[in-house]
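To keep things clear, I will list the structure first and then write my remarks on it.
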2 protein chains.
Amino acid sequence: MGTLRFALLSVLEQGPRSGYDLSQTLDIRISSFWHAKHSQIYPELAALEREGLIEHEVFEQADRPDKKVYTIKPAGHAALVEWLTSPLEPEPKRDELVLRALSIGHADRERAVALFRDQQQRHRQREALYRKLVDELEQDHARKLEEPTSPMFGRYLTLQRGIGYEREYAAWCKSVADRLEAAPRPRAASKRR
Amino acid sequence: MGTLRFALLSVLEQGPRSGYDLSQTLDIRISSFWHAKHSQIYPELAALEREGLIEHEVFEQADRPDKKVYTIKPAGHAALVEWLTSPLEPEPKRDELVLRALSIGHADRERAVALFRDQQQRHRQREALYRKLVDELEQDHARKLEEPTSPMFGRYLTLQRGIGYEREYAAWCKSVADRLEAAPRPRAASKRR
DNA sequence: TAACCCATGTAAACGGTTACATGATTTC
DNA sequence: GAAATCATGTAACCGTTTACATGGGTTA
């Protein structure tokens with residue numbers, strides 16, 4: 001049922017990986033719209049293996065710890081393919097910044113503006129990063145981008161989503177900050193009388 | 001630490017509510033970027049009361065069960081205001097559809113296109129709904145929209161976010177579906193030789 | 001009479017994060 | 001000598017969902 005297993009299968013579909021490799025991709029990798037810690041990954045890999053969807057081979061390395069390198073099996077590929085187009089019920093979204101916006105008028109004005117300007121910056125930077133990565137993809141693998149089964153194809157799609165998401169988010173942050181600044185200042189606690 | 005308590009305080013800031021009322025707003029209400037079930041809300045309200053951030057009064061009703069109506073206390077207001085501009089560390093985003101996009105090239109082409117066209121529809125409908133709600137806000141409470149402490153102010157901001165989010169999401173879904181259709185059909189399992 | 005709304009709670013299960021645990025090698 | 005990287009795991013905790021539980025009133 002869980003989505004994590006399919007996240008792992010998705011990466012293993014692109015080639016054999018160790019649990020450590022997977023935790024690196026899912027920990028750090030940018031434009032990833034999924035994420036998991038190694039403490040969740042190792043047990044899940046064990047479960048996938050018990051169920052016959054993947055298998056592993058131990059690689060002994062001279063200078064560093066041994067590796068368990070996992071490979072996707074036909075049953076794993078089938079499970080992945082089936083999941084890809086299975087019915088997707090809408091997941092409720094949670095976003096703390098948007099939640100804050102609901103009451104932001106009660107906050108200190110300056111701090112509120114600073115918060116949203118700061119967030120705007122963050123999202124603009126992320127957008128710039130994704131754009132750079134897309135540019136690289138387009139230059140290095142232009143032909144592969146039209147071939148759906150190429151790993152570049154999916155990567156390109158998710159990066160595009162990242163760009164759009166961050167661009168829109170940054171624009172909203174700016175609009176909130178601007179609107180807060182335009183609003184009439186709260187009168188300093190009435191001193192008359 | 002949890003964000004739920006602030007979600008509850010945010011709503012109670014706009015006026016006294018029962019746990020049931022809160023569960024209705026957080027369950028159903030549109031353009032909400034937070035969500036909780038009653039099984040989580042009732043215990044959290046009890047905790048907030050123990051900590052002196054809210055208080056309740058029982059309303060006995062003739063034809064239906066009694067109500068516990070909660071009101072925010074000054075300490076609760078202070079906690080809310082402080083939270084609003086407290087440092088916000090970036091939360092890792094999770095989105096199953098984007099995750100699916102990563103491997104979508106391996107799915108059945110027709111089913112994949114159908115999935116993304118369907119999702120595009122969903123997001124377009126949500127966008128339309130939010131637009132309608134903003135229009136209503138603008139017509140009924142136009143003057144209140146510039147006053148930050150009005151409940152309409154925050155509601156307007158979150159609806160704007162909703163519109164942008166859904167518009168962008170729908171556009172991305174369309175672009176994925178289009179790209180899938182444009183891609184060269186996978187050759188039927190090679191029959192030559 | 002069955003299903004649904006009002007209204008409030010508790011218990012069990014699940015998914016995810018943080019912390020605990022070990023140990024060798026490389027870099028500062 | 002200290003910190004970071006490679007590599008794999010387990011345990012405790014926390015937030016969220018699903019299910020269990022109760023009971024009167026309204027609607028179909």
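Proteins get letters first, then strands, A, B, ... in listed order; numbering begins at 1 in each.
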Write down the distance between [atom1] ([X]) and [atom2] ([N]), rounded to a whole number of angstrom.
X: B:Y20; N: C:dC4; atom1: OH; atom2: P; value: 13 Å
X: B:Q61; N: D:dT26; atom1: CD; atom2: P; value: 12 Å
X: B:Y70; N: C:dA7; atom1: OH; atom2: P; value: 14 Å

Worksheet item: When the C1' atoms of the five terminal pairs at each end define the local axes, what inter-axis angle does the helix from C:dT1-D:dA28 to C:dC28-D:dG1 show, to 10 degrees?
Response: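 The two end axes of the helix from C:dT1-D:dA28 to C:dC28-D:dG1 meet at 30°.
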
Is any side-chain N or O of [X] closer than 4.0 Å to OP1 or OP2 of [N]?
X: A:K68; N: D:dA7; value: no
X: A:K67; N: D:dA7; value: yes
X: B:R5; N: D:dC14; value: no
X: A:R17; N: D:dA7; value: no

Worksheet item: Base, backbone or nothing for each nucleotide of nucleotides 20-28 of chain C, written B, S, -, heavy atoms under 4.0 angstrom, 5' to 3'?
Response: ---B-SS--

Worksheet item: Would you say the side chain of B:S39 and the base of D:dT18 hold a donor-acceptor pair, judged only by whether the two atoms sit under 3.5 Å apart?
Response: yes

Worksheet item: Is any side-chain heavy atom of B:K73 closer than 4.5 Å to a side-chain heavy atom of B:I54?
Response: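 No. Closest side-chain heavy atoms not under 4.5 Å.
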
Discussion item. Do B:Y20 and B:V69 have side chains that approach each other closer than 4.5 Å (heavy atoms only, starting at C-beta)?
Written reply: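 Result no, sub-4.5 Å side-chain heavy-atom pair not found.
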
Worksheet item: Is a salt bridge present between A:K67 and A:E57, judged by a nitrogen-to-oxygen distance below 4.0 Å?
Response: no

Worksheet item: Do B:L102 and A:F153 sit in the same hydrophobic cluster, where Ile, Leu, Val, Met, Phe, Trp and Tyr count as joined when their side-chain heavy atoms come under 4.5 Å apart?
Response: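 In one cluster with B:L102: A:F153, no.
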
Worksheet item: Would you say the side chains of A:R124 and A:Q121 form a donor-acceptor pair under 3.5 Å?
Response: yes

